[in-house]
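In what follows, a single structure is set out as structure tokens and then discussed.
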Protein chains: 2
Amino acid sequence: MEPDILELESFLPYRLYRLADTVSREFSKIYKERHGLTRPEWRTLSGLGERGTMTATELREQSAMHKTKVSRAVAELERRRWLTRTPDESDRRVEHLALTKAGLAAYREMVPLAKAFESELLARLSAEERAAIVRGVAALEEALGEMS
Amino acid sequence: MEPDILELESFLPYRLYRLADTVSREFSKIYKERHGLTRPEWRTLSGLGERGTMTATELREQSAMHKTKVSRAVAELERRRWLTRTPDESDRRVEHLALTKAGLAAYREMVPLAKAFESELLARLSAEERAAIVRGVAALEEALGEMS
DNA sequence: CCAAACTGGTTGCATTTGTAACCATCGAAA
DNA sequence: TTTCGATGGTTACAAATGCAACCAGTTTGG
């Protein structure tokens, strides 16, 4: 355990990123092949699919994506006619986003695939391991919230 | 728990990526501000710093980075004169990479900062939570290895 | 009422990334 | 040997991303 060496294999930011990137990349094949969506587009679709209607700012906060990613994802989904914008009554800077029939259909088609992917992954873990990852992730998220 | 809705807040690929991205982005400020390194460059630096000498393929396997990322990171570190390439004796396609004095100095300077960052984060977790995240990540990595 | 500071969202431009095609070398099989 | 498929690594080009500057609308304080 030399003090001036960093053991990458036990360095959490490294392990965490490599894992998340691999998982996300694997999962992205599903929506990429299926509909040619990028990750920001998929996130926007699934955010709206779940919550019904959101503003771009809400999407950004929920997903931790940069505002330009959201802006571009929304623009692309709109171009496909998968979502519509409705101006807010009281604040004309704000737009309420919602999926169209077509967007909702795409979302509904993706949901079972997403669930199946997660299930397949989690099926390889023991109940304790599943509990561990969930707990660990939640704890780290909270820790990050406290930082800075 | 509607069957045709995906709850993003409990969807592991989503949670995991958001977390890892936030952590990584926070940590990247350190090497970006300090030396203007990109993530692939930092990973290459720290891989070589830890192991002494590696080939591009070994770097790629260890970090799960795309080979072009490795190639470009190596080229940039070479341009800075932070690493040198030595052709393999028996296979002339292969190059053994190693840090120069200057590269090693930069690495040594970064190590304590990396450790401090991780410590600060982990300090906000309980011992059980720390154990949980480590165990969960390891289990998922293994599960991924089995998949596909 | 007005200016200044702020917020929601978009855009231009530079950097980073992914993909595929590529070059050189190697190993195996004919 | 010669040939052909794999492998280590690079590069050209396209797509995705980040940053900063921006526009429009809103709030706040004087």
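Letters A, B, ... are given to chains in the order of the sequence lines, protein chains preceding strands, and every chain is numbered from 1. For the numbers below, each heavy atom of this structure counts, side chains included, while hydrogens, waters and symmetry mates do not.
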>> Dot-bracket for DNA chain D, please. Rules: Watson-Crick or G-U, both distances under 3.5 Å, ( ) within the strand, [ ] when a pair crosses earlier ones, | for another strand, . otherwise.
In response: ||||||||||||||||||||||||||||||

>> A side-chain contact here means heavy atoms from C-beta on lying under 4.5 Å apart; do W42(B) and I30(B) qualify?
In response: no

> Which is true for S90(A) with a 4.0 Å heavy-atom rule: it touches a base, it touches only sugar-phosphate, or it touches nothing?
Replying inline: sugar-phosphate

>> Any salt bridge linking E76(A) with R72(A)? Criterion: basic side-chain nitrogen under 4.0 Å from a carboxylate oxygen.
In response: no

> Side chains of L48(B) and T44(B): closer than 4.5 Å at any heavy-atom pair?
Replying inline: yes

>> Among residues 30-58 of chain B, which ones have heavy-atom contacts with DNA chain C below 4.0 Å?
In response: T38(B), P40(B)

> So where does chain B start and stop touching DNA chain D, 5' to 3', when the test is distance under 4.0 Å to a non-hydrogen atom?
Replying inline: dA6(D) to dG18(D)

> Is there a donor-acceptor contact under 3.5 Å linking the side chains of E109(B) and Y31(B)?
Replying inline: no

>> With a 3.5 Å distance limit and no angle check, can you tell me whether E118(A) reaches the backbone of L12(B) through a side-chain donor-acceptor pair?
In response: yes

>> If you apply the rule side-chain contact (heavy atoms from CB on, under 4.5 Å), what do you find for L37(A) with K32(A), and how did you get there?
In response: CA-CA 5 Å; L37(A) 293 174; K32(A) 190 171 288 181; over 6 Å; no

> Got a sec: does the CD of E9(A) have more than 12 other heavy atoms crowding it under 6.0 Å?
Replying inline: yes

> Quick one: E95(B) CD to dA24(C) P, roughly how many Å, whole number?
Replying inline: 14 Å

>> Let's see if you get this right: which residues in residues 63-86 of chain A place a heavy atom under 4.0 Å from DNA chain C?
In response: K67(A), T68(A), S71(A), R72(A), R85(A)

> Can you tell me how far P of dG8(C) sits from CZ of R93(A), to the nearest Å?
Replying inline: 6 Å

> Excluding sequence neighbours, so at least two apart, what forms ring-ring contact (aromatic ring centres under 6.0 Å, His included) with F11(B)?
Replying inline: F27(A)

> To the nearest angstrom, how far is R92(B) atom CZ from dT25(C) atom P?
Replying inline: 5 Å

> Is a salt bridge present between E141(B) and R15(A), judged by a nitrogen-to-oxygen distance below 4.0 Å?
Replying inline: yes

>> For R18(A) and S63(B), which I'm curious about, is there any donor-acceptor pair between the side chains at under 3.5 Å?
In response: no

> How about Y14(A) and R43(B): does a side-chain donor come under 3.5 Å of a side-chain acceptor?
Replying inline: no

> So V23(A) and L144(B), side-chain contact (heavy atoms from CB on, under 4.5 Å) or not? Walk me through it.
Replying inline: CA-CA 8 Å; V23(A) 170; L144(B) 267 176; 3.5 Å; yes

> Applying salt bridge (charged side-chain N to carboxylate O under 4.0 Å, His left out), which residue pairs with at least one partner in residues 90-106 of chain A are found, sequence neighbours left out?
Replying inline: R85(A)-E95(A), D91(A)-R93(A)

